[in-house]
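The block underneath contains the structure these notes are about, expressed in structure tokens.
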Amino acid sequence: MTISQFRQLAAYNRWANARLYAAALDLSDQAYRLHIGVVFGSLHGTLNYLLLTDRLWLKRLTGEGNHPNRLDAILYEDRAELTWARIDEDNRLMAVVDQYDEVTLASLHGYKTSSGMPQSQVLADILLHLFNHQTHHRGQAHACLSILTGGEPPSLDLLAFQRGGTAPDLKTLIRHGRV
């Protein structure tokens, strides 16, 4: 993949998260936190997991940032705080990807796994995993929304993004008390 494709995936990631979070902000707190049998229990648990793993990978990529040692940790109990953190992390991911070029993408990048084992992979492969992982678990969160609302959540298709589909401004939604 090229750097322009990874930049597109970073922008798509932010767009899809905004659409997903806007739908999550519309739910009652009870529905949002309801244990519905998904891997991370609830929509709240799934969204926390997605943020946690982005932080984990960005720490591995940059050496900066914090993340808990447990993959099931709840980073934010408050939905508005979680949304603000998601906005910041999506912007951070875009900035990190913007720093790369084709040569950097082809280079080996060393990091430590969660168990502390040294690992080295081609940077492009790491980024491909990161974006694929996001898509996978966003799909789980999308399914949570379907279960909780009985309706069709907003499309998160890459094609919808490429065709100019809009994403809500999460900052505005939070400021206007959608939580």
Side-chain angles (χ1 to χ4, degrees), residues 1-26 38-40 43 46-67 71 75-76 79 82-111 113-114 119-146 152-174 178:
M1 290 186 69
T2 66
I3 189 58
S4 64
Q5 289 170 311
F6 282 115
R7 289 178 179 144
Q8 180 185 53
L9 287 175
Y12 162 72
N13 187 67
R14 180 172 64 183
W15 174 89
N17 284 334
R19 291 173 67 94
L20 185 66
Y21 270 70
L25 291 172
D26 277 342
V38 293
V39 174
F40 298 100
L43 179 56
T46 303
L47 294 178
N48 266 278
Y49 173 76
L50 280 165
L51 179 64
L52 183 152
T53 54
D54 273 2
R55 286 183 173 179
L56 183 143
W57 278 106
L58 283 170
K59 172 86 182 237
R60 290 174 178 173
L61 292 171
T62 67
E64 298 173 1
N66 296 314
H67 63 82
L71 293 178
L75 300 175
Y76 297 94
R79 203 176 346 174
L82 178 63
T83 304
W84 282 113
R86 177 77 267 167
I87 292 166
D88 290 344
E89 211 63 27
D90 286 342
N91 290 336
R92 182 174 170 226
L93 180 56
M94 288 188 65
V96 167
V97 171
D98 276 345
Q99 295 175 12
Y100 298 142
D101 58 25
E102 299 296 337
V103 173
T104 310
L105 286 178
S107 67
L108 285 177
H109 180 82
Y111 63 92
T113 65
S114 297
Q119 183 62 261
S120 185
Q121 287 178 266
V122 172
L123 179 60
D125 291 342
I126 293 171
L127 291 176
L128 193 56
H129 166 75
L130 189 154
F131 291 119
N132 185 62
H133 184 263
Q134 270 283 336
T135 299
H136 169 72
H137 288 291
R138 241 190 333 262
Q140 291 175 335
H142 196 261
C144 288
L145 285 167
S146 292
E152 178 67 26
S155 173
L156 302 181
D157 286 347
L158 179 61
L159 278 176
F161 168 76
Q162 291 168 332
R163 292 175 181 161
T166 60
D169 179 1
L170 292 177
K171 292 177 183 179
T172 301
L173 296 178
I174 295 168
R178 289 252 313 253

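When reading the values below, keep in mind they use all heavy atoms of this one structure, side chains included, and skip hydrogens, waters and symmetry mates. Throughout, numbering of the chain's residues begins at 1 and tracks the sequence. Quick caveat, the model's predicted, so the values are computed rather than measured.
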Check whether any side-chain heavy atom of N13 lies under 4.5 Å from a side-chain heavy atom of R138, and answer yes or no. yes
Is the shortest side-chain heavy-atom distance between L20 and L47 below 4.5 Å? yes
Straight-line distance of Q140 CD to Y49 OH, nearest 0.5 Å: 8.5 Å
Evaluate the side-chain proximity of L61 to L123: yes if any heavy-atom separation is below 4.5 Å, no if none is. yes
With sequence neighbours excluded, residues passing ring-ring contact (aromatic ring centres under 6.0 Å, His included) with Y100: none
If I compare all heavy atoms of K59 with all of G65, which pair ends up nearest, and what's the gap? CD-O, 2.9 Å
Determine whether the side chains of R55 and N66 contain a donor N or O and an acceptor N or O closer than 3.5 Å. no
Check this for me: does any side-chain nitrogen of one of D54 and R86 sit under 4.0 Å from a carboxylate oxygen of the other? yes
Student check: side-chain heavy atoms of R60 and Q119 closer than 4.5 Å: no
When you compare the side chains of R92 and T62, does any donor N or O come within less than 3.5 Å of an acceptor on the partner? yes
Euclidean distance, Q8 CD relative to Q162 CD, rounded to 0.5 Å: 4.5 Å
Grab the two heavy atoms, one from W15 and one from G165, that are nearest each other, plus how far apart they are. NE1-O, 2.7 Å
Straight-line distance of H109 NE2 to D125 CG, nearest 0.5 Å: 12.5 Å
Using ring-ring contact (aromatic ring centres under 6.0 Å, His included), reason through Y111 and W57 one step at a time and then give a plain yes or no. CA-CA 9 Å; Y111 63 92; W57 278 106; 5.2 Å; yes
Judged by atom type as modelled, is there a donor-acceptor pair below 3.5 Å linking the side chain of Q121 to the main-chain atoms of L108? no
Closer than 3.5 angstrom, by distance alone: can the side chain of R19 be matched with the main-chain N or O of S155 as a donor-acceptor pair? yes
Just verifying a value: how many Å separate I87 CD1 and K171 NZ, rounded to the nearest 0.5 Å? 6.0 Å
Donor-acceptor contact below 3.5 Å, side chain Y12 vs main chain L156: yes
Just how far is it from atom CG of L82 to atom CD1 of I174, taken to the nearest 0.5 Å? 9.0 Å
Would you mind reporting whether F131 and I126 have side-chain heavy atoms less than 4.5 Å apart? no
Side chain to side chain, L58 and V96, heavy atoms closer than 4.5 Å: yes
Any side-chain to backbone donor/acceptor pair from H133 onto T53? Under 3.5 Å, distance only. no
For the atom pair CG (N48) and CG (L71), what is the distance rounded to the nearest 0.5 Å? 12.5 Å
Between R79 and A24 (side chain of the first, backbone of the second, donor and acceptor by atom type, cut-off under 3.5 Å), is there such a pair? yes
Under a 3.5 Å cutoff, is there a donor and acceptor pairing between the side chains of D101 and T104? yes
Minimal heavy-atom distance between L145 and A23, with the atoms involved, is CD1-CB, 3.7 Å
Chi angles and distances behind the side chain to side chain contact (heavy atoms under 4.5 Å, CB included) call for L9, M1: CA-CA 11 Å; L9 287 175; M1 290 186 69; 3.5 Å; yes
Is any side-chain heavy atom of N17 closer than 4.5 Å to a side-chain heavy atom of L170? no
Less than 4.5 Å apart, side chain to side chain, heavy atoms only: is that true for L56 and S114? yes
Closest heavy-atom pair, E89 versus L51, reported as atoms and distance to 0.1 Å, is CB-CD1, 3.6 Å
